[in-house]
Amino acid sequence: MKRREFSLSAATAVAVSSLSLPALAQSTAPKEGKDYIKLGKPVAPDAPAGKVEVIEFFWYSCGHCHTFEPVLNTWLKTVPANVVVRRVPVAFNASFVPAQKLYYALEGLGKIEPLHARVFRAIHVERQKLAKEEDIMAWAAKQPELDVAKFKEMYNSFSVAGQVRRATQLQEAYGVEGTPSMGVAGRYYTDGTHAGSMQAVLQVVNHLVGLSAKG
């Protein structure tokens, strides 16, 4: 989605999902300024010392994020033990905030699995509108894994509000231009525009994880 739109075809998704981490290695090393950006001002990672933090910036209503999700999940099974991967929902304007709160409410209740994927399906396959709080609450009420009263309490909590603020800070610090995109170790940013495709993004992330682990 814009700010810039990144393309990931269904064929690319299938191709990437069949690759292991070693198979994603590029024949030539990714280049700074072309395949990725090194941040002018590093961001303090939230990962523990000795771990490399990788962030996926996403938006539930982004069709490319929906397509990328199973690809990312396959890749997640291959990452080294020293890598911590987390998702950060973006907000390019105030209308995105309900979706940010939806993600963090699910996370706060320990319901990311299986409901994160179900949100994508509801929006992009079932064509449900989940952009406003009332629509989100109606959807939540239909999910057997959720107590809607507890969900609403979490959705409107100070904890979720704080996470939304932190997400916006990270988005701005990394200079996120669109979704899906990736940040690595508080020092690097890449996306489909820089790397050329979302398949290449994962190749670049692998490279940057290696750089970051070396210090």
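Just so you know, these numbers come straight off a predicted model, no measurement behind them.
- Side chain of Asn156 to backbone of Lys152: a donor-acceptor contact under 3.5 angstrom is found.
- Tyr155 and Val148 fall into different hydrophobic clusters, where Ile, Leu, Val, Met, Phe, Trp and Tyr side chains are chained together by heavy-atom contacts under 4.5 Å.
- Side chains of Leu170 and Val43 form a contact here, defined as non-hydrogen atoms less than 4.5 Å apart.
- Considering only residues two or more places apart in sequence or on other chains, Tyr104 meets the side chain to side chain donor-acceptor pair (under 3.5 Å) condition with none of them.
- Using a 4.5 Å heavy-atom threshold, the side chains of Met154 and Val160 count as touching.
- A side-chain contact (heavy atoms from CB on, under 4.5 Å) with His66 is found for exactly one of Val119, Val125, Ile123, namely Val125.
- Side-chain atoms of Lys51 come within 3.5 Å of backbone atoms of Ala81 as a donor-acceptor pair (strictly under, hydrogens ignored).
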Please test Val88 against Arg86 for side chain to side chain contact (heavy atoms under 4.5 Å, CB included), starting from the C-alpha separation and ending with a verdict. CA-CA 7 Å; Val88 171; Arg86 65 192 183 100; 3.9 Å; yes
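- A pairwise comparison of heavy atoms in Leu39 and Ala173 identifies CD1-O, 3.9 Å as the closest pair.
- Taking each heavy atom of Val71 and Thr67 in turn, the nearest pair found is CG2-O, 3.9 Å.
- Linking Ile, Leu, Val, Met, Phe, Trp and Tyr whenever their side-chain heavy atoms come within less than 4.5 Å leaves Tyr103 and Val84 in two separate clusters.
- Residues satisfying the side chain to side chain donor-acceptor pair (under 3.5 Å) test with Arg165, not counting sequence neighbours, are none.
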Under the side chain to side chain contact (heavy atoms under 4.5 Å, CB included) rule, what do Ile136 and Phe151 come out as? Steps first, then yes or no, please. CA-CA 10 Å; Ile136 290 170; Phe151 175 80; 3.9 Å; yes
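- One distance of note links CG of Leu76 with OG1 of Thr74; it measures 8.5 Å at 0.5 Å rounding.
- Annotation: side chain of Leu72 is in contact with side chain of Trp75 (closest heavy-atom distance under 4.5 Å).
- The shortest heavy-atom contact between Arg118 and Pro144 is NH1-CD, 4.2 Å.
- Residue Val52 comes nearest to Ala185 through the heavy atom pair CG1-CB, 4.2 Å, listed as atom of the first residue, atom of the second, then distance.
- Ring-plane geometry between Tyr189 and His194 is classed as perpendicular, the angle between the planes exceeding 60 degrees on a 0 to 90 degree scale with a lower cut at 30.
- With hydrogens and angles disregarded, a donor-acceptor distance shorter than 3.5 Å links the side chain of Tyr174 to the backbone of Gly186.
- Looking only at side-chain heavy atoms (C-beta outward), Pro114 and Glu145 come within less than 4.5 Å of each other.
- Evaluation of the side chain to side chain donor-acceptor pair (under 3.5 Å) rule for Glu153 yields no partner, not counting sequence neighbours.
- The aromatic rings of His116 and Tyr60 lie tilted to each other, with the angle between the two planes from 30° to 60°.
- From Ser61, atom OG reaches atom NZ of Lys129 across 9.0 Å, with rounding to the nearest 0.5 Å.
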With side chain to side chain contact (heavy atoms under 4.5 Å, CB included) as the criterion, how do Asp35 and Thr190 come out once you've worked through the C-alpha distance, each side chain's angles and the decisive distance to 0.1 Å? CA-CA 7 Å; Asp35 300 300; Thr190 186; 5.5 Å; no
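- Note: His207 and Tyr36 have tilted aromatic rings, judged against thresholds of 30 and 60 degrees for the angle between ring planes.
- Side-chain contact between Met182 and Val54 is present, with heavy atoms from C-beta onward closer than 4.5 Å.
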Step by step, work out the side chain to side chain contact (heavy atoms under 4.5 Å, CB included) result for Val209 and Asn206. CA-CA 5 Å; Val209 165; Asn206 291 339; 5.8 Å; no
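- The environment of CZ in Arg121 is sparse: at most 12 heavy-atom neighbours from other residues, nucleotides or ligands sit within 6.0 Å.
- Here CZ of Arg87 is found 4.0 Å from CD of Glu69. Values are rounded to the nearest 0.5 Å.
- Across Pro180 and Met198, no two heavy atoms sit closer than the pair CG-CE, 3.6 Å.
- Using cut-offs of 30° and 60° on the angle between ring planes, the pair Phe58 and Phe120 is tilted.
- Of all heavy-atom pairs spanning Val176 and Ser181, the tightest one is CG1-OG, 3.6 Å.
- One hydrophobic cluster holds both Trp59 and Phe92 under the rule that ILVMFWY side chains link at heavy-atom gaps under 4.5 Å.
- When side chains are defined from C-beta on, Glu53 does not count as touching Val184, because their heavy atoms never get closer than 4.5 Å.
- Ser212 places a side-chain heavy atom less than 4.5 Å from the side chain of Arg187.
- Atom NZ of Lys111 sits about 9.0 Å away from atom NZ of Lys150, to the nearest 0.5 Å.
- Summarising the geometry, atom CG belonging to Leu130 is positioned 11.5 Å from atom CE belonging to Met137; distances are rounded to the nearest 0.5 Å.
- With rounding to the nearest 0.5 angstrom, the OG1 atom of Thr179 is 8.0 Å from the NE2 atom of His64.
- In this structure, Gln100 contributes its side chain and Pro89 its backbone to a donor-acceptor pair below 3.5 Å.
- Using a 4.5 Å heavy-atom threshold, the side chains of Phe96 and Thr168 count as separate.
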